[in-house]
Protein chains: 2
Amino acid sequence: MAGVTLEQVALEARVSTATVSRIINGTGKVSARRKKQVMDAIEKLGYRPNLVAQSLARGQSMNVGVLTQDISSPYFSQMHKGIEQGFQGSGYHPIFVSEEWRDDQDHAALEVLLSRRVDALIVLGGYIEDDVLLKISRNTPMVVVGRLVPGLEKQCLQVNNHHGGLLATRHLLDLGHRHIAHIAGPDTHYDAVERMAGYMQALQEAGVPLNRQLVVEGQFSEEGGMRATEKLLKLGMPFTAIFACNDQSALGAQLVLQKKGFRIPQDISVVGYDDLSHSAFIYPPLTTVRQPGLKMGRAAAQCVLDLLSEKSPHLPAFHNELVVRESSGRAAGSEVIVPAETATLAVEAKPVQKRKRASKKDS
Amino acid sequence: MAGVTLEQVALEARVSTATVSRIINGTGKVSARRKKQVMDAIEKLGYRPNLVAQSLARGQSMNVGVLTQDISSPYFSQMHKGIEQGFQGSGYHPIFVSEEWRDDQDHAALEVLLSRRVDALIVLGGYIEDDVLLKISRNTPMVVVGRLVPGLEKQCLQVNNHHGGLLATRHLLDLGHRHIAHIAGPDTHYDAVERMAGYMQALQEAGVPLNRQLVVEGQFSEEGGMRATEKLLKLGMPFTAIFACNDQSALGAQLVLQKKGFRIPQDISVVGYDDLSHSAFIYPPLTTVRQPGLKMGRAAAQCVLDLLSEKSPHLPAFHNELVVRESSGRAAGSEVIVPAETATLAVEAKPVQKRKRASKKDS
DNA sequence: CTGTTAGCGCGTTCAG
DNA sequence: CTGAACGCGCTAACAG
C-alpha cells in the first residue's frame, strides 16, 4: 500500500502539508506561485492521494455498498452496470457483494460492507429482514431496489411487477389465448408473486377463470422452466400459451416445447419477463416484459448521491414495457371463444399431442 | 461513517485500547477474565472494527482490485463470481471496476483502484498497455487473466484458446464438414485471434484449404454474429458449418439461420465458444467449447492470496473442453469427401438455397 | 500479560 | 494566504 505521501510532496515543494492538501481539494485560497510549485512536485513524484487516509480523516469512505443476489446473474447484471455508471465521476464507487448463502444468520455480506464503512447502501432484493434494513438505514443512507420495506417507502425503487404481469397476460389474451399457463417464481420472491398476481388479475378482467393446475413453479431458472413445462405437458390440460415469470424460465420452456415438436408461436405462445440481453436473439425471439435494469441501476445510484448530498432523493417511476417479438402469436382457432372448463381432476386428460394445437380438443 | 470505537470499548471494559486490539486480532496473550470483559463490552456496544482505520494502520486495505471489461458481460460474470468465491473467508474483498471507455488515456478505472490502495490487482483482459501493467506489478501483486503480458508470465492465467479453436474445428471436421465458416472476433482480442489460429490449424491438419471468404468478423456480440452470418449467406459460398468465436455470436448466427429456414444441425452445424450459462438452453442447445470461468476466477483469487502471503503462486493449467450438444451434427452428404475448390471470386455463386443442404451443390 | 506511546496519511481548525 | 498542531480509529513496538 506504499506510495508517495502528502508530506513528501510538501517537502519537495517547500510548503506545508496543509497547503498541499488545500490545493488538492480546492479548499481555501492559495497563491498561484505555490500552487505551481506544488503541482510540479505532485507531477514529479507521481503523487496519488491515499483514499484510505482521506477516508479516515474525512469520515467518509467514498464507497457505496451494493448488496446483490448474485454477481453473475443475467438479471441483476444490468442493474449492476447501471449502478456503476450512475456513480461515474461522482467520486463514489460501488462495492458489490453477493448475498449468496441464505442460511447466514450473521449476514456476512452486510458485515463486509459495514466494516468497510460504506457511505451508503444499495440493496437489490434479497432476504435480509426488513427490520435489519430499517435499523441500518437509520445510520446509513439506503436505497432498496425491487422490494418494499415498510417504513422505507421513499427509498424503495420499484417497478410495478403486478402491472408487468398484467401486460404480459393481456397481450396473450388479446391474441385470443384462453388457456394460459403460468410458470411462477419462488413465492419467497416479492417480484414473482406480484407478476403472478398481475397474471391472475388479467385473467379475471377477461372473465377467464383461473386454472390452478396451469400454474407451476419454475424457480426463476432455465432448468426450473424446463421442469415446469414438462409438468404442464404431462398434465394433459390444454393450453395455448405460457407466461413465464422470467426470461430464464421462458427459455427453458421454449427449449422443452421445441424439443417436443411444438412450434412457437404457432402451437404455443411464450412470453417471458425481464428482457435479458440475449432474449432478443434466441429462436424465436422472445416476447417479454422489459425491466429497465440499466435505468433502475442508474436511478438507484443517483438517489444515493442525492441522499449523500442531503438533497431530497428523487426516485422516478419505472414502467415495465411489453416487448413483442416472435414467440407470441394468435391463438390457434382463436376465432372461437372457448368456454373455460371447470378445473376438475385431469383424469381423462392425455398428453397434449405433438404437432397439433394444444387447444384443438377444445374446439 | 460513525460507529463505536475501540476506545469506547476499552473504556467500557476498563482496559487499554491495546488489549482490546489484541483480543480482536488474536495478537498476544490476554487473560481470560479481561477477554470476557472485552467481549461483553463489544457485544454490549455493538462494536464493529473500522476497516478503514485498520487499513491505514496496517498498511493494507484488504481490497483487491479487479479490472474487468464489463461488469454485466455474460462472459466475464462467471469469472467475477469465481473471484468473489475465491476470496470468501480470506478477509479480502474484490472491488470491480469496468474499463468501459477505451479512449481513456488516463486509465480512470485503474486510478479508482490505485487510489483506494488495493493490495493486489486482477486484470481480466483489457486494453491497458503491457508496460503500464508491468510497472504497476512492481509495487502491487498482480494476476492477469486471459492475456499474456511479457515479463509477467508467471502471473498470467491462461486457457489455451488456440487449443479450443482446434477442438471446435476438429469436431466439425470429424463430423464430415469440409466447408466450415468462421465468425471471428475483433483482432484486438488476443483470445479471438488464438481461437481463429486454432481453427486454421485444424483445417490445415485435415488438409482442408482455408477459404478466407468464409472468415468474417462478428465482434463478439449477438448482433455481430447475425451480421456475419448474413454476410456469409450472401456470399453464396457453400458451407455446412459455422464455428463462431464465442457463444454470443453463435447465438446470433443460429437466429439468422433459423429465420432463413435452415435447420440446425441438419442443414448447418454451429459451434460456439465459452459455454455461457444459457447456451445449454437455447434451441438447439449449443455445442461449444467450455471456458471454465468459475474455476479460473477462483484460481486467480487463490493466486492473489498466495502472492499476498508470499507463497509461491500456483496457477493451474486450464483446459478448454468441448461440450457437444445438439447444434452440431454430421455434414449432409459427408460420405463424399468434397475436394476443396480454389477460393476464387464468388461471382457465379447464388444465395444458398433455403431448406436445402448448403453443400448440396458440391456433390 | 498489560498499558503507554508513537505513528499510518491526510483534513482541518487555529493562530499568525 | 500559510503553517503548526491535533485528531480520525487502530496497530505495533516498547516498557513495565
Side-chain angles (χ1 to χ4, degrees), chain A residues 1-39 41-42 45-63 91 111 113-119 139-140, chain B residues 1-39 41-42 45-63 91 111 114-119 139:
Chain A
M1 222 178 79
V4 184
T5 62
L6 235 201
E7 193 173 357
Q8 294 175 39
V9 174
L11 231 56
E12 174 75 26
R14 303 174 169 285
V15 297
S16 72
T17 59
T19 302
V20 180
S21 174
R22 286 189 186 104
I23 292 178
I24 289 172
N25 302 300
T27 331
K29 305 286 174 194
V30 182
S31 72
R33 195 172 56 87
R34 303 208 182 234
K35 184 159 182 175
K36 186 182 180 330
Q37 285 174 41
V38 172
M39 295 309 275
I42 288 177
L45 269 42
Y47 172 72
R48 191 194 329 271
N50 182 335
L51 204 39
V52 175
Q54 286 188 332
S55 296
L56 186 59
R58 285 208 268 244
Q60 37 173 67
S61 67
M62 303 309 282
N63 286 141
E111 214 57 30
L113 297 175
L114 260 21
S115 65
R116 277 174 174 70
R117 295 300 191 268
V118 291
D119 296 328
N139 307 309
T140 311
Chain B
M1 222 179 79
V4 185
T5 61
L6 234 201
E7 194 171 357
Q8 294 175 40
V9 174
L11 229 56
E12 173 76 23
R14 304 172 167 285
V15 296
S16 71
T17 60
T19 303
V20 180
S21 175
R22 285 187 187 105
I23 292 178
I24 289 172
N25 301 299
T27 332
K29 304 286 174 194
V30 182
S31 73
R33 192 171 59 86
R34 301 208 182 236
K35 183 160 183 175
K36 186 180 180 330
Q37 286 173 40
V38 173
M39 294 310 275
I42 288 178
L45 270 41
Y47 171 73
R48 192 196 326 273
N50 182 334
L51 204 38
V52 175
Q54 285 188 333
S55 295
L56 186 60
R58 287 208 268 243
Q60 36 173 62
S61 67
M62 303 309 282
N63 285 142
E111 215 59 29
L114 260 21
S115 66
R116 276 174 174 71
R117 296 299 193 267
V118 292
D119 296 327
N139 308 309

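All chains are named by letter (A, B, ...) in the order of the sequence lines, taking the proteins before the strands, and each is independently numbered beginning at 1.
Going from atom NZ of B:Lys36 over to atom C1' of C:dT2 covers 20 Å, rounded to whole Å. Taking atom CD of B:Gln37 as the reference point, atom P of C:dT2 lies 9 Å away to the nearest angstrom. Across the protein-nucleic acid pair, A:Glu7 atom CD and D:dG3 atom P stand 14 Å apart, rounded to whole Å. Computed from coordinates, the A:Leu11 CG to D:dT2 C1' distance equals 16 Å when rounded to whole Å. If you measure from atom CD1 of B:Ile23 to atom P of C:dC1, you get 12 Å, rounded to the nearest angstrom. In this structure, the CZ atom of B:Arg14 is 12 Å from the P atom of C:dG3, given to the nearest Å. The separation between B:Leu56 atom CG and C:dC8 atom P is 9 Å, rounded to whole Å. The interatomic distance linking B:Met62 (CE) with D:dT11 (C1') rounds to 14 Å, in whole Å.
Sorted by first and then second residue, the salt bridge (charged side-chain N to carboxylate O under 4.0 Å, His left out) pairs with a member in residues 11-20 of chain B read B:Glu12-B:Lys44; sequence neighbours excluded. Within the structure, no pair that satisfies the salt bridge (charged side-chain N to carboxylate O under 4.0 Å, His left out) test touches residues 20-34 of chain A, not counting sequence neighbours.
The side-chain heavy atoms of B:Arg117 and B:Ser55, taken from C-beta on, include no pair separated by under 4.5 Å. No side-chain heavy atom of A:Val30 sits under 4.5 Å from any side-chain heavy atom of A:Val38. Here the side chains of A:Leu113 and A:Arg116 are not in contact, with every heavy-atom distance at 4.5 Å or above. Annotation: side chain of A:Leu6 is in contact with side chain of A:Ser21 (closest heavy-atom distance under 4.5 Å).
Listed nucleotides: C:dG3, D:dT2, D:dG9. Nearest to the side chain of A:Val30: D:dT2. The side chain of A:Thr19 sits closest to D:dG3 out of D:dG3, C:dG3, C:dG9.
Note on the helix from C:dC1-D:dG16 to C:dG16-D:dC1: terminal axis deviation equals 40°, with five pairs used at each end and the result rounded to 10°.
With hydrogens and angles ignored, the 3.5 Å screen pairs no side-chain donor or acceptor of B:Asn63 with any backbone N or O of B:Val118.
Between B:Arg34 and C:dT2 there is a side-chain polar atom (N or O) within less than 4.0 angstrom of OP1 or OP2. A close approach under 4.0 Å does occur between a side-chain nitrogen or oxygen of B:Ser31 and OP1 or OP2 of C:dT2. Considering only side-chain N and O atoms, B:Thr5 lies nowhere under 4.0 angstrom from the phosphate OP1 or OP2 of D:dG9.
Among residues two or more places apart in sequence or in another chain, the side chain to side chain contact (heavy atoms under 4.5 Å, CB included) test is passed with B:Lys36 by B:Asp40. Checked against side chain to side chain contact (heavy atoms under 4.5 Å, CB included), A:Glu111 has the following partners two or more places apart in sequence or in another chain: B:Arg48.
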Expected rows: protein N/O vs nucleotides 11-13 of chain C N/O, under 3.5 Å:
| from | atom 1 | to | atom 2 | distance (Å) |
| --- | --- | --- | --- | --- |
| C:dG11 | OP1 | A:Asn25 | OD1 | 3.4 |
| C:dG11 | OP1 | A:Asn25 | ND2 | 3.1 |
| C:dG11 | OP1 | A:Gln54 | NE2 | 2.9 |
| C:dG11 | OP2 | A:Ser21 | OG | 2.8 |

